[in-house]
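What follows is a set of notes on a single structure, which appears directly below.
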Amino acid sequence: MRYVICLCLLPLPCAAWEFSPDPICTLVHQAEDAEIAITFDATQPEYALFITLRTQTWGESPAFEMAFAGGQTGRIGTARHTLSADRATLTVRDRGFGNVLDGIEFNTDLLAFSGNQSVTADTRDAAPAVQAFRACPQTDQPLS
């Protein structure tokens, strides 16, 4: 019985990056403190990044940035982010997301931050899901 209790107390492994083509092209990852999702809607056409915090909220900040490490290290940012009404979800929309997808596919770690809030994610297993997202039939726009 003690063995079973000890197993229950072990941390769960992080969920892998997952791709789904329906209803729109979607890439999702369950990070420790947040859900990270990227979508492409061909009817717009528009990419969107959603980072939803599980237990906290995003504060107001003039900038949102993502840093990538462990491969093709880089840092990207924008001032064109929005917060949901409950401030749990930070959203970035754009017509090109190649730099975001490259950062996730070709690195081992991601750090997303705005103001005092940050989210980290392991990207070591992301490449197959990112490649499927890039090849999604609805993703017919250039990934610049």
Side-chain angles (χ1 to χ4, degrees), residues 5-144:
I5 292 172
C6 288
L7 285 176
C8 291
L9 296 175
L10 290 174
L12 296 173
C14 292
W17 288 82
E18 298 176 356
F19 164 74
S20 173
D22 294 316
I24 60 175
C25 301
T26 304
L27 181 65
V28 176
H29 178 68
Q30 302 297 327
E32 185 176 331
D33 298 326
E35 177 182 86
I36 301 169
I38 298 173
T39 62
F40 177 73
D41 185 347
T43 64
Q44 298 300 315
E46 181 179 72
Y47 293 87
L49 166 71
F50 305 93
I51 302 178
T52 303
L53 299 175
R54 295 190 204 294
T55 60
Q56 298 183 20
T57 58
W58 293 98
E60 288 291 333
S61 178
F64 166 73
E65 296 184 58
M66 294 178 82
F68 302 97
Q72 296 179 1
T73 302
R75 190 170 178 159
I76 55 178
T78 184
R80 298 183 317 164
H81 60 289
T82 60
L83 300 177
S84 60
D86 65 0
R87 303 168 86 69
T89 303
L90 181 143
T91 303
V92 177
R93 297 177 185 279
D94 203 343
R95 293 180 63 89
F97 256 45
N99 53 1
V100 174
L101 296 174
D102 285 350
I104 295 169
E105 183 175 0
F106 300 117
N107 288 284
T108 60
D109 298 288
L110 171 155
L111 171 65
F113 54 98
S114 182
N116 292 330
Q117 294 291 22
S118 65
V119 170
T120 59
D122 185 328
T123 60
R124 287 177 288 189
D125 67 346
V130 173
Q131 292 164 6
F133 181 87
R134 290 182 194 262
C136 186
Q138 297 171 359
T139 311
D140 57 3
Q141 299 296 311
L143 296 174
S144 59

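Looking at Q117, its side chain does come within 3.5 Å of a backbone N or O of T57 through a donor-acceptor pair. Judged purely by atom type and a 3.5 angstrom limit, N107 uses its side chain to pair as donor or acceptor with the backbone of G71. Judged by distance alone, with hydrogens and angles left aside, the side-chain atoms of W58 form no donor-acceptor pair with the main-chain N or O of S84 at under 3.5 Å. Looking only at distances, a side-chain donor or acceptor of S114 sits under 3.5 Å from a matching main-chain atom of A63.
What you find for A112 and M66 is that their closest heavy atoms are CB-CG, 4.1 Å. When all heavy atoms of L111 and S118 are compared, the pair lying nearest together is CD1-CB, 3.8 Å.
Exactly one residue among T39, V28, L101, T26 makes a side chain to side chain contact (heavy atoms under 4.5 Å, CB included) with F133. That residue is L101. Among T89, L90, D86, I36, the one residue that satisfies the side chain to side chain contact (heavy atoms under 4.5 Å, CB included) test with T52 is T89.
Remark: F68 CZ to I104 CD1 distance equals 5.5 Å, nearest 0.5 Å. Atom OH of Y47 is separated from atom CZ of R93 by 14.0 Å, given to the nearest 0.5 angstrom. To the nearest 0.5 angstrom, F64 atom CZ is 10.0 Å from T91 atom OG1. With rounding to the nearest 0.5 Å, the separation of CD in Q44 from CZ in R95 is 9.5 Å.
Within the structure, every pair that satisfies the side chain to side chain donor-acceptor pair (under 3.5 Å) test and touches residues 63-74, not counting sequence neighbours, is listed here: E65-R75.
Ion pairing between a basic and an acidic side chain is recognised when a charged N comes within 4.0 Å of a carboxylate O; R134 and D102 show such pairing. The pair R124-D109 fails the salt-bridge criterion, with no side-chain N (NZ, NE, NH1 or NH2) lying under 4.0 Å from an Asp/Glu carboxylate O.
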**Message:** Please determine whether side-chain contact (heavy atoms from CB on, under 4.5 Å) holds for the pair L27 and V130, giving the CA-CA distance in whole Å, both sets of side-chain angles, and the decisive distance to 0.1 Å.
**Reply:** CA-CA 7 Å; L27 181 65; V130 173; 3.8 Å; yes
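No hydrogens or angles considered: a donor-acceptor pair under 3.5 Å links the side chains of Q30 and R54.
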